[in-house]
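A short write-up of the structure that comes next.
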There are 2 protein chains.
Amino acid sequence: MQSLSTENYLKAIYHAAQFREGTVATTSIANKIGAKPSSVTDMFKKLADHNLVEYEKYKGVTLTTDGVKKALHIIRKHRLWESFLVSHLNFSWDEVHQVAEQLEHIQSEKLTNELDRFLDYPTHDPHGDPIPNRALFMKTHNKILLLDLPLNKEGVCVGVKDNSSDFLRYLDRRQIGIGTPILILHREEYDQSLHIQAGNSTLMITEKTAENIYVKP
Amino acid sequence: MQSLSTENYLKAIYHAAQFREGTVATTSIANKIGAKPSSVTDMFKKLADHNLVEYEKYKGVTLTTDGVKKALHIIRKHRLWESFLVSHLNFSWDEVHQVAEQLEHIQSEKLTNELDRFLDYPTHDPHGDPIPNRALFMKTHNKILLLDLPLNKEGVCVGVKDNSSDFLRYLDRRQIGIGTPILILHREEYDQSLHIQAGNSTLMITEKTAENIYVKP
DNA sequence: TATAAAATTTAGATTAGCCTAAATTATGTA
DNA sequence: TACATAATTTAGGCTAATCTAAATTTTATA
(Lines give C-alpha, C1' and ligand atoms only; values in the text may rest on other atoms or scores of the structure.)
Protein backbone atom coordinates (compact mmCIF):
# COMPACT_ATOMS: atom_id res chain seq x y z
CA MET A 1 0.00 0.00 0.00
CA GLN A 2 1.95 2.96 -1.26
CA SER A 3 0.25 4.60 -4.18
CA LEU A 4 1.26 7.97 -5.46
CA SER A 5 -1.89 9.49 -4.04
CA THR A 6 -1.38 7.94 -0.61
CA GLU A 7 2.14 9.31 -0.47
CA ASN A 8 0.96 12.79 -1.34
CA TYR A 9 -1.61 12.70 1.45
CA LEU A 10 0.95 11.57 4.02
CA LYS A 11 3.28 14.36 3.02
CA ALA A 12 0.49 16.93 3.11
CA ILE A 13 -0.62 15.78 6.56
CA TYR A 14 2.94 15.89 7.83
CA HIS A 15 3.43 19.45 6.61
CA ALA A 16 0.05 20.58 7.90
CA ALA A 17 0.88 19.14 11.33
CA GLN A 18 4.02 21.29 11.51
CA PHE A 19 1.92 24.41 11.45
CA ARG A 20 -0.35 23.80 14.40
CA GLU A 21 -0.74 21.47 17.36
CA GLY A 22 -3.40 18.80 17.48
CA THR A 23 -5.18 17.09 14.63
CA VAL A 24 -5.10 17.98 10.96
CA ALA A 25 -8.44 19.01 9.50
CA THR A 26 -10.07 17.62 6.39
CA THR A 27 -10.37 20.99 4.72
CA SER A 28 -6.75 21.96 5.21
CA ILE A 29 -5.66 18.81 3.38
CA ALA A 30 -8.29 19.33 0.70
CA ASN A 31 -6.77 22.72 -0.01
CA LYS A 32 -3.18 21.46 -0.08
CA ILE A 33 -3.93 18.46 -2.27
CA GLY A 34 -6.39 20.24 -4.50
CA ALA A 35 -9.20 17.76 -3.86
CA LYS A 36 -12.70 18.05 -2.44
CA PRO A 37 -13.21 17.46 1.30
CA SER A 38 -15.29 14.36 0.59
CA SER A 39 -12.35 12.80 -1.25
CA VAL A 40 -10.12 13.61 1.68
CA THR A 41 -12.50 11.86 4.05
CA ASP A 42 -12.31 8.76 1.87
CA MET A 43 -8.54 8.83 1.97
CA PHE A 44 -8.44 9.45 5.73
CA LYS A 45 -10.41 6.25 6.19
CA LYS A 46 -8.09 4.34 3.95
CA LEU A 47 -4.99 5.67 5.71
CA ALA A 48 -6.54 4.76 9.05
CA ASP A 49 -7.23 1.23 7.80
CA HIS A 50 -3.53 0.92 7.08
CA ASN A 51 -2.51 2.37 10.46
CA LEU A 52 -0.83 5.37 8.94
CA VAL A 53 -3.10 7.88 10.71
CA GLU A 54 -5.35 8.02 13.75
CA TYR A 55 -8.74 9.14 12.54
CA GLU A 56 -11.80 10.05 14.51
CA LYS A 57 -14.89 11.14 12.62
CA TYR A 58 -15.30 14.92 12.48
CA LYS A 59 -12.05 15.31 14.42
CA GLY A 60 -9.37 15.11 11.72
CA VAL A 61 -6.23 12.98 11.70
CA THR A 62 -2.79 12.67 13.24
CA LEU A 63 -0.01 10.59 11.74
CA THR A 64 0.98 7.39 13.51
CA THR A 65 4.65 6.52 13.98
CA ASP A 66 4.46 4.55 10.75
CA GLY A 67 2.79 7.47 9.00
CA VAL A 68 5.50 9.88 10.14
CA LYS A 69 8.20 7.49 8.94
CA LYS A 70 6.66 7.20 5.50
CA ALA A 71 6.20 10.96 5.28
CA LEU A 72 9.79 11.63 6.30
CA HIS A 73 11.03 9.11 3.80
CA ILE A 74 9.22 10.91 1.00
CA ILE A 75 10.49 14.28 2.24
CA ARG A 76 14.00 12.85 2.34
CA LYS A 77 13.76 11.81 -1.28
CA HIS A 78 12.17 15.10 -2.32
CA ARG A 79 14.91 17.19 -0.76
CA LEU A 80 17.76 14.98 -1.96
CA TRP A 81 16.47 15.26 -5.51
CA GLU A 82 16.09 19.03 -5.18
CA SER A 83 19.70 19.21 -4.04
CA PHE A 84 20.84 17.09 -6.96
CA LEU A 85 18.95 19.16 -9.50
CA VAL A 86 20.53 22.36 -8.25
CA SER A 87 24.05 21.10 -7.62
CA HIS A 88 24.52 19.00 -10.76
CA LEU A 89 21.79 19.72 -13.29
CA ASN A 90 21.77 23.52 -13.42
CA PHE A 91 18.29 23.93 -11.97
CA SER A 92 17.59 27.09 -9.99
CA TRP A 93 15.87 26.91 -6.61
CA ASP A 94 12.56 28.06 -8.01
CA GLU A 95 12.48 25.31 -10.67
CA VAL A 96 13.13 22.21 -8.61
CA HIS A 97 9.90 21.69 -6.73
CA GLN A 98 7.71 20.48 -9.58
CA VAL A 99 10.24 17.89 -10.74
CA ALA A 100 11.05 16.74 -7.21
CA GLU A 101 7.33 16.17 -6.67
CA GLN A 102 7.64 13.42 -9.28
CA LEU A 103 11.04 12.05 -8.29
CA GLU A 104 10.09 11.69 -4.62
CA HIS A 105 7.84 8.75 -5.52
CA ILE A 106 10.56 6.59 -7.07
CA GLN A 107 10.91 3.43 -5.00
CA SER A 108 14.44 2.21 -4.52
CA GLU A 109 16.30 2.23 -1.24
CA LYS A 110 19.57 1.82 -3.07
CA LEU A 111 18.84 4.78 -5.31
CA THR A 112 18.00 7.05 -2.38
CA ASN A 113 21.00 6.09 -0.33
CA GLU A 114 23.44 6.22 -3.23
CA LEU A 115 22.10 9.63 -4.20
CA ASP A 116 22.66 10.73 -0.62
CA ARG A 117 26.25 9.47 -0.78
CA PHE A 118 26.83 11.01 -4.22
CA LEU A 119 25.75 14.41 -2.84
CA ASP A 120 27.99 13.85 0.19
CA TYR A 121 25.19 13.55 2.73
CA PRO A 122 23.73 17.05 2.49
CA THR A 123 21.90 18.28 5.59
CA HIS A 124 19.81 20.97 3.90
CA ASP A 125 18.14 21.38 0.53
CA PRO A 126 18.41 24.42 -1.79
CA HIS A 127 15.67 26.23 0.14
CA GLY A 128 17.40 25.68 3.46
CA ASP A 129 15.01 22.94 4.59
CA PRO A 130 16.58 20.08 6.53
CA ILE A 131 17.05 16.71 4.80
CA PRO A 132 16.22 13.65 6.93
CA ASN A 133 19.20 11.28 6.97
CA ARG A 134 18.99 7.55 6.39
CA ALA A 135 17.66 7.10 9.94
CA LEU A 136 15.12 9.84 9.15
CA PHE A 137 16.65 12.20 11.67
CA MET A 138 17.06 15.84 10.65
CA LYS A 139 19.12 18.72 11.98
CA THR A 140 17.04 21.82 12.46
CA HIS A 141 18.68 25.23 12.54
CA ASN A 142 17.50 27.47 15.32
CA LYS A 143 16.28 30.00 12.87
CA ILE A 144 14.01 33.03 13.29
CA LEU A 145 12.01 35.14 10.87
CA LEU A 146 13.94 38.08 9.48
CA LEU A 147 11.05 40.17 10.86
CA ASP A 148 12.11 39.20 14.39
CA LEU A 149 15.82 39.89 13.95
CA PRO A 150 16.91 42.67 16.34
CA LEU A 151 18.02 45.96 14.81
CA ASN A 152 21.67 46.07 13.76
CA LYS A 153 22.30 42.44 14.69
CA GLU A 154 23.71 40.41 11.84
CA GLY A 155 21.94 37.25 10.72
CA VAL A 156 22.50 34.85 7.86
CA CYS A 157 19.69 33.77 5.58
CA VAL A 158 19.17 30.05 6.17
CA GLY A 159 15.79 29.45 4.59
CA VAL A 160 12.48 30.73 3.28
CA LYS A 161 8.95 30.19 4.48
CA ASP A 162 7.28 30.88 1.14
CA ASN A 163 8.62 28.47 -1.47
CA SER A 164 6.71 29.89 -4.42
CA SER A 165 8.59 30.52 -7.65
CA ASP A 166 7.50 34.13 -7.58
CA PHE A 167 8.99 34.75 -4.19
CA LEU A 168 12.19 32.85 -4.93
CA ARG A 169 12.74 34.71 -8.18
CA TYR A 170 12.05 37.98 -6.39
CA LEU A 171 14.80 37.09 -3.91
CA ASP A 172 17.14 36.22 -6.81
CA ARG A 173 16.55 39.70 -8.23
CA ARG A 174 17.32 41.27 -4.87
CA GLN A 175 20.39 39.03 -4.63
CA ILE A 176 19.22 37.36 -1.46
CA GLY A 177 19.87 33.64 -1.12
CA ILE A 178 20.83 30.95 1.36
CA GLY A 179 23.99 32.14 3.09
CA THR A 180 23.48 35.85 2.44
CA PRO A 181 24.33 37.92 5.55
CA ILE A 182 21.53 40.31 6.47
CA LEU A 183 21.36 43.26 8.87
CA ILE A 184 18.30 45.37 9.66
CA LEU A 185 19.32 49.02 9.48
CA HIS A 186 15.99 50.67 10.14
CA ARG A 187 12.35 49.83 10.69
CA GLU A 188 9.89 52.25 9.16
CA GLU A 189 7.04 52.60 11.66
CA TYR A 190 4.67 54.09 9.13
CA ASP A 191 4.36 51.04 6.82
CA GLN A 192 6.45 48.40 8.64
CA SER A 193 8.95 48.34 5.78
CA LEU A 194 12.57 47.53 6.56
CA HIS A 195 15.83 48.98 5.36
CA ILE A 196 18.32 46.19 5.32
CA GLN A 197 21.86 45.45 4.36
CA ALA A 198 21.96 42.19 2.37
CA GLY A 199 25.42 41.12 1.27
CA ASN A 200 26.99 44.26 -0.15
CA SER A 201 23.88 46.22 -0.98
CA THR A 202 21.34 48.12 1.07
CA LEU A 203 17.73 47.80 0.08
CA MET A 204 14.16 48.15 1.25
CA ILE A 205 11.83 45.22 1.78
CA THR A 206 8.23 44.96 2.91
CA GLU A 207 6.98 43.33 6.08
CA LYS A 208 5.54 40.54 3.95
CA THR A 209 8.98 39.73 2.57
CA ALA A 210 10.58 39.91 6.02
CA GLU A 211 8.18 37.34 7.41
CA ASN A 212 9.03 34.86 4.67
CA ILE A 213 12.79 34.81 5.18
CA TYR A 214 14.46 32.77 7.91
CA VAL A 215 17.76 33.92 9.40
CA LYS A 216 20.14 32.48 11.95
CA PRO A 217 21.26 35.28 14.27
CA MET B 1 -2.73 12.06 -22.76
CA GLN B 2 0.38 10.45 -21.32
CA SER B 3 -0.41 8.17 -18.45
CA LEU B 4 2.08 5.74 -17.06
CA SER B 5 0.19 2.86 -18.60
CA THR B 6 0.01 4.48 -22.02
CA GLU B 7 3.75 5.05 -21.99
CA ASN B 8 4.41 1.43 -21.12
CA TYR B 9 2.27 0.26 -24.01
CA LEU B 10 4.04 2.53 -26.49
CA LYS B 11 7.40 1.27 -25.34
CA ALA B 12 6.28 -2.36 -25.51
CA ILE B 13 4.90 -1.88 -29.02
CA TYR B 14 8.09 -0.19 -30.15
CA HIS B 15 10.23 -3.03 -28.85
CA ALA B 16 7.94 -5.70 -30.26
CA ALA B 17 8.09 -4.02 -33.67
CA GLN B 18 11.89 -4.30 -33.70
CA PHE B 19 11.62 -8.07 -33.68
CA ARG B 20 9.48 -8.63 -36.72
CA GLU B 21 8.12 -6.79 -39.72
CA GLY B 22 4.48 -5.83 -40.00
CA THR B 23 1.96 -5.25 -37.26
CA VAL B 24 2.31 -6.01 -33.57
CA ALA B 25 -0.12 -8.59 -32.22
CA THR B 26 -2.37 -8.21 -29.21
CA THR B 27 -1.01 -11.30 -27.48
CA SER B 28 2.62 -10.32 -27.82
CA ILE B 29 1.92 -7.06 -26.01
CA ALA B 30 -0.22 -8.83 -23.43
CA ASN B 31 2.77 -11.02 -22.59
CA LYS B 32 5.23 -8.14 -22.41
CA ILE B 33 2.98 -5.94 -20.30
CA GLY B 34 1.65 -8.75 -18.15
CA ALA B 35 -1.99 -8.00 -18.93
CA LYS B 36 -4.81 -9.97 -20.48
CA PRO B 37 -5.37 -9.69 -24.23
CA SER B 38 -8.74 -8.03 -23.66
CA SER B 39 -7.08 -5.24 -21.74
CA VAL B 40 -4.61 -4.79 -24.57
CA THR B 41 -7.43 -4.47 -27.08
CA ASP B 42 -8.94 -1.70 -24.97
CA MET B 43 -5.64 0.13 -24.89
CA PHE B 44 -5.05 -0.34 -28.63
CA LYS B 45 -8.34 1.44 -29.23
CA LYS B 46 -7.41 4.25 -26.95
CA LEU B 47 -3.98 4.67 -28.52
CA ALA B 48 -5.60 4.68 -31.95
CA ASP B 49 -8.03 7.40 -30.80
CA HIS B 50 -5.01 9.51 -29.94
CA ASN B 51 -3.25 8.79 -33.23
CA LEU B 52 -0.37 7.01 -31.59
CA VAL B 53 -1.00 3.73 -33.42
CA GLU B 54 -2.76 2.50 -36.55
CA TYR B 55 -5.18 -0.16 -35.44
CA GLU B 56 -7.31 -2.48 -37.51
CA LYS B 57 -9.52 -4.98 -35.73
CA TYR B 58 -7.98 -8.44 -35.54
CA LYS B 59 -4.88 -7.13 -37.35
CA GLY B 60 -2.78 -5.66 -34.56
CA VAL B 61 -1.13 -2.23 -34.46
CA THR B 62 1.76 -0.24 -35.84
CA LEU B 63 3.07 2.94 -34.26
CA THR B 64 2.41 6.21 -36.05
CA THR B 65 5.16 8.82 -36.37
CA ASP B 66 3.86 10.40 -33.18
CA GLY B 67 3.82 7.04 -31.45
CA VAL B 68 7.41 6.32 -32.44
CA LYS B 69 8.49 9.73 -31.17
CA LYS B 70 6.87 9.17 -27.80
CA ALA B 71 8.34 5.69 -27.53
CA LEU B 72 11.83 6.91 -28.39
CA HIS B 73 11.53 9.70 -25.88
CA ILE B 74 10.76 7.21 -23.13
CA ILE B 75 13.57 4.93 -24.27
CA ARG B 76 15.91 7.93 -24.24
CA LYS B 77 15.03 8.66 -20.64
CA HIS B 78 15.24 5.01 -19.64
CA ARG B 79 18.74 4.59 -21.06
CA LEU B 80 20.04 7.90 -19.76
CA TRP B 81 18.91 7.00 -16.26
CA GLU B 82 20.48 3.53 -16.55
CA SER B 83 23.74 5.19 -17.56
CA PHE B 84 23.54 7.56 -14.61
CA LEU B 85 22.83 4.79 -12.13
CA VAL B 86 25.86 2.81 -13.28
CA SER B 87 28.30 5.67 -13.78
CA HIS B 88 27.53 7.69 -10.64
CA LEU B 89 25.41 5.68 -8.21
CA ASN B 90 27.30 2.37 -8.04
CA PHE B 91 24.55 0.29 -9.64
CA SER B 92 25.57 -2.77 -11.62
CA TRP B 93 24.14 -3.43 -15.07
CA ASP B 94 21.78 -6.08 -13.77
CA GLU B 95 20.24 -3.76 -11.16
CA VAL B 96 19.35 -0.72 -13.23
CA HIS B 97 16.38 -1.86 -15.24
CA GLN B 98 13.76 -1.95 -12.51
CA VAL B 99 14.62 1.55 -11.28
CA ALA B 100 14.89 2.99 -14.78
CA GLU B 101 11.40 1.64 -15.46
CA GLN B 102 10.20 4.13 -12.89
CA LEU B 103 12.49 7.02 -13.76
CA GLU B 104 11.65 6.91 -17.47
CA HIS B 105 8.21 8.33 -16.71
CA ILE B 106 9.42 11.54 -15.07
CA GLN B 107 8.23 14.47 -17.14
CA SER B 108 10.69 17.30 -17.50
CA GLU B 109 12.46 18.24 -20.68
CA LYS B 110 15.00 20.20 -18.73
CA LEU B 111 15.76 17.25 -16.48
CA THR B 112 16.28 14.89 -19.42
CA ASN B 113 18.49 17.25 -21.35
CA GLU B 114 20.55 18.31 -18.35
CA LEU B 115 21.04 14.68 -17.39
CA ASP B 116 22.23 14.05 -20.95
CA ARG B 117 24.70 16.92 -20.64
CA PHE B 118 25.82 15.83 -17.16
CA LEU B 119 26.64 12.36 -18.55
CA ASP B 120 28.43 14.01 -21.50
CA TYR B 121 25.96 12.89 -24.14
CA PRO B 122 26.44 9.14 -23.93
CA THR B 123 25.60 7.19 -27.10
CA HIS B 124 25.07 3.80 -25.46
CA ASP B 125 23.68 2.57 -22.15
CA PRO B 126 25.32 0.04 -19.79
CA HIS B 127 23.92 -2.86 -21.81
CA GLY B 128 25.29 -1.48 -25.06
CA ASP B 129 21.91 -0.29 -26.33
CA PRO B 130 21.94 3.00 -28.24
CA ILE B 131 20.58 6.13 -26.52
CA PRO B 132 18.43 8.39 -28.71
CA ASN B 133 19.83 11.91 -28.66
CA ARG B 134 17.75 15.04 -28.14
CA ALA B 135 16.54 14.82 -31.73
CA LEU B 136 15.66 11.15 -31.04
CA PHE B 137 18.28 9.91 -33.45
CA MET B 138 20.41 6.96 -32.39
CA LYS B 139 23.69 5.50 -33.60
CA THR B 140 23.45 1.79 -34.13
CA HIS B 141 26.56 -0.34 -34.12
CA ASN B 142 26.74 -2.83 -36.94
CA LYS B 143 26.85 -5.67 -34.51
CA ILE B 144 26.38 -9.41 -35.00
CA LEU B 145 25.61 -12.27 -32.66
CA LEU B 146 28.67 -13.89 -31.16
CA LEU B 147 27.26 -17.10 -32.65
CA ASP B 148 27.83 -15.69 -36.12
CA LEU B 149 31.38 -14.47 -35.53
CA PRO B 150 33.81 -16.33 -37.84
CA LEU B 151 36.33 -18.65 -36.23
CA ASN B 152 39.51 -16.94 -35.02
CA LYS B 153 38.28 -13.47 -35.96
CA GLU B 154 38.38 -11.03 -33.05
CA GLY B 155 35.24 -9.21 -32.05
CA VAL B 156 34.42 -6.85 -29.20
CA CYS B 157 31.38 -7.35 -27.03
CA VAL B 158 29.09 -4.37 -27.68
CA GLY B 159 25.80 -5.53 -26.24
CA VAL B 160 23.51 -8.29 -25.07
CA LYS B 161 20.23 -9.57 -26.43
CA ASP B 162 18.96 -11.03 -23.16
CA ASN B 163 18.82 -8.32 -20.51
CA SER B 164 17.74 -10.53 -17.64
CA SER B 165 19.54 -10.18 -14.32
CA ASP B 166 20.38 -13.85 -14.39
CA PHE B 167 22.15 -13.63 -17.72
CA LEU B 168 23.96 -10.40 -16.86
CA ARG B 169 25.21 -11.80 -13.56
CA TYR B 170 26.30 -14.94 -15.35
CA LEU B 171 28.37 -12.79 -17.73
CA ASP B 172 29.84 -10.92 -14.74
CA ARG B 173 31.00 -14.24 -13.31
CA ARG B 174 32.56 -15.17 -16.63
CA GLN B 175 34.14 -11.70 -16.76
CA ILE B 176 32.43 -10.80 -19.99
CA GLY B 177 31.17 -7.25 -20.33
CA ILE B 178 30.77 -4.40 -22.80
CA GLY B 179 34.19 -3.83 -24.38
CA THR B 180 35.55 -7.31 -23.73
CA PRO B 181 37.44 -8.65 -26.78
CA ILE B 182 36.23 -12.09 -27.80
CA LEU B 183 37.64 -14.71 -30.17
CA ILE B 184 36.06 -18.04 -31.08
CA LEU B 185 38.75 -20.74 -30.81
CA HIS B 186 36.70 -23.80 -31.61
CA ARG B 187 33.14 -24.87 -32.32
CA GLU B 188 32.13 -28.22 -30.90
CA GLU B 189 29.95 -29.89 -33.49
CA TYR B 190 28.48 -32.40 -31.06
CA ASP B 191 26.61 -29.93 -28.81
CA GLN B 192 27.22 -26.58 -30.54
CA SER B 193 29.24 -25.32 -27.57
CA LEU B 194 32.01 -22.81 -28.20
CA HIS B 195 35.50 -22.47 -26.84
CA ILE B 196 36.29 -18.80 -26.73
CA GLN B 197 38.96 -16.43 -25.61
CA ALA B 198 37.33 -13.58 -23.65
CA GLY B 199 39.77 -10.97 -22.43
CA ASN B 200 42.63 -12.93 -20.90
CA SER B 201 40.85 -16.18 -20.19
CA THR B 202 39.67 -19.06 -22.34
CA LEU B 203 36.34 -20.58 -21.49
CA MET B 204 33.48 -22.65 -22.83
CA ILE B 205 30.03 -21.24 -23.48
CA THR B 206 26.84 -22.80 -24.78
CA GLU B 207 25.07 -21.96 -27.99
CA LYS B 208 22.35 -20.25 -25.95
CA THR B 209 24.88 -17.88 -24.43
CA ALA B 210 26.49 -17.20 -27.80
CA GLU B 211 23.22 -16.14 -29.33
CA ASN B 212 22.62 -13.59 -26.58
CA ILE B 213 25.87 -11.67 -26.93
CA TYR B 214 26.42 -9.04 -29.60
CA VAL B 215 29.92 -8.38 -30.95
CA LYS B 216 31.38 -5.93 -33.39
CA PRO B 217 33.84 -7.75 -35.64
C1' DT C 1 -11.65 -26.27 -48.29
C1' DA C 2 -13.99 -27.48 -44.08
C1' DT C 3 -13.22 -27.30 -39.50
C1' DA C 4 -10.63 -27.28 -35.14
C1' DA C 5 -7.58 -24.42 -32.62
C1' DA C 6 -5.75 -20.04 -31.63
C1' DA C 7 -6.20 -15.20 -31.45
C1' DT C 8 -8.94 -11.36 -30.75
C1' DT C 9 -12.83 -8.69 -29.42
C1' DT C 10 -17.09 -7.66 -26.82
C1' DA C 11 -19.89 -7.43 -22.73
C1' DG C 12 -20.20 -6.71 -18.23
C1' DA C 13 -17.85 -6.31 -13.59
C1' DT C 14 -14.27 -4.46 -10.29
C1' DT C 15 -11.14 -1.11 -7.93
C1' DA C 16 -8.92 3.31 -6.75
C1' DG C 17 -9.46 7.89 -6.62
C1' DC C 18 -11.99 11.34 -7.56
C1' DC C 19 -16.62 14.08 -7.97
C1' DT C 20 -21.54 16.42 -6.62
C1' DA C 21 -25.38 16.86 -3.72
C1' DA C 22 -27.51 15.94 0.45
C1' DA C 23 -27.26 14.86 5.29
C1' DT C 24 -25.02 15.30 9.59
C1' DT C 25 -22.09 17.29 13.20
C1' DA C 26 -19.39 21.04 15.24
C1' DT C 27 -18.61 25.93 16.08
C1' DG C 28 -19.21 30.65 16.99
C1' DT C 29 -22.06 34.37 18.11
C1' DA C 30 -26.20 37.00 19.48
C1' DT D 1 -27.76 28.56 25.14
C1' DA D 2 -30.14 28.53 20.69
C1' DC D 3 -29.35 28.73 16.07
C1' DA D 4 -27.01 30.10 11.82
C1' DT D 5 -22.88 28.97 9.54
C1' DA D 6 -19.02 26.19 8.64
C1' DA D 7 -16.96 21.74 8.50
C1' DT D 8 -17.40 17.06 7.67
C1' DT D 9 -19.36 12.85 6.19
C1' DT D 10 -22.47 9.88 3.45
C1' DA D 11 -24.62 8.32 -0.71
C1' DG D 12 -24.39 7.63 -5.23
C1' DG D 13 -21.74 8.42 -9.72
C1' DC D 14 -17.81 8.73 -12.97
C1' DT D 15 -13.38 7.36 -15.37
C1' DA D 16 -9.17 4.73 -16.28
C1' DA D 17 -7.31 0.44 -16.25
C1' DT D 18 -7.85 -3.78 -15.29
C1' DC D 19 -10.37 -8.52 -15.16
C1' DT D 20 -13.45 -12.94 -16.62
C1' DA D 21 -16.42 -15.21 -19.65
C1' DA D 22 -18.57 -15.45 -23.91
C1' DA D 23 -18.69 -14.38 -28.78
C1' DT D 24 -16.33 -13.64 -33.01
C1' DT D 25 -12.67 -13.80 -36.43
C1' DT D 26 -8.41 -15.62 -38.19
C1' DT D 27 -5.19 -19.37 -38.94
C1' DA D 28 -3.58 -23.67 -39.57
C1' DT D 29 -4.37 -28.41 -40.65
C1' DA D 30 -6.55 -32.67 -41.90
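Naming convention: chains lettered A, B, ... in sequence-line order (proteins, then strands); numbering from 1 in each chain.
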Q) Are any non-hydrogen side-chain atoms of A:Leu168 and A:Ser165 less than 4.5 angstrom apart? A) no

Q) Checking B:Arg187 side chain against B:Ser193 main chain: does a donor-acceptor pair fall under 3.5 Å? A)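 Judged by distance alone, no pair lies under 3.5 Å.
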
Q: Indicate yes or no for a side-chain donor-acceptor contact from A:Thr62 to the backbone of A:Thr23 under 3.5 Å, with no hydrogens or angles considered.
A: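 No, A:Thr62 side chain to A:Thr23 backbone: no donor-acceptor pair under 3.5 Å.
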
Starting from [atom2] on [N], measure out to [atom1] on [X] and report it in whole angstrom.
X: A:Asp49; N: C:dA16; atom1: CG; atom2: P; answer: 11 Å
X: B:Lys59; N: D:dT25; atom1: NZ; atom2: P; answer: 12 Å
X: A:Tyr55; N: D:dA7; atom1: OH; atom2: P; answer: 16 Å
X: A:Ile29; N: C:dC18; atom1: CD1; atom2: C1'; answer: 16 Å
X: A:Met43; N: C:dA16; atom1: CE; atom2: P; answer: 10 Å
X: A:Lys45; N: D:dA11; atom1: NZ; atom2: C1'; answer: 10 Å
X: A:Ile33; N: C:dC18; atom1: CD1; atom2: P; answer: 8 Å

Tell me whether [X] is salt-bridged to [Y], with the criterion being a basic N under 4.0 Å from an acidic carboxylate O.
X: A:Arg169; Y: A:Asp166; result: yes
X: B:Glu101; Y: B:Lys11; result: yes
X: B:Arg117; Y: B:Glu114; result: yes
X: B:Lys208; Y: B:Asp162; result: no

Q) Can you name the one residue among A:Arg79, A:Arg76, A:Arg134 that meets salt bridge (charged side-chain N to carboxylate O under 4.0 Å, His left out) with A:Asp116? A)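 Between A:Asp116 and the candidates, salt bridge (charged side-chain N to carboxylate O under 4.0 Å, His left out) is satisfied uniquely by A:Arg76.
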
Q: Could you check whether A:Thr41 gets within reach of a base, just the sugar-phosphate, or nothing at all, counting any heavy atom under 4.0 Å?
A: base

Q: Check every strand shown and say whether A:Phe44 touches a base, only sugar-phosphate, or nothing at a heavy-atom separation below 4.0 Å.
A: nothing

Q) What nucleotide among C:dT10, C:dA26, D:dT26 has an atom nearest to a side-chain atom of A:Tyr58? A)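 Nearest to the side-chain atoms of A:Tyr58, counting from C-beta on, is C:dA26.
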
**Q.** Aromatic plane relationship, B:Phe118 with B:His88 - under 30° parallel, 30 to 60° tilted, over 60° perpendicular
**A.**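 Judged by the thresholds at 30° and 60°, the geometry between B:His88 and B:Phe118 is tilted.
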
Q: Please check the phosphate of C:dA16 (OP1 and OP2 only) for any side-chain N or O of A:Tyr9 closer than 4.0 Å.
A: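 No, no such contact exists.
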
Q: Classify every nucleotide of nucleotides 1-6 of chain D by which part a protein heavy atom approaches to under 4.0 Å, writing B for the base, S for the sugar-phosphate alone and - for neither, in 5'-to-3' order.
A: ------

Distances under 3.5 Å between protein N/O atoms and the N/O atoms of nucleotides 19-21 of chain D, please, pair by pair.
unit_1: D:dC19; atom_1: OP2; unit_2: B:Lys36; atom_2: N; d: 2.9
unit_1: D:dC19; atom_1: OP2; unit_2: B:Ser39; atom_2: OG; d: 2.4
unit_1: D:dT20; atom_1: O4; unit_2: B:Ser38; atom_2: OG; d: 2.9

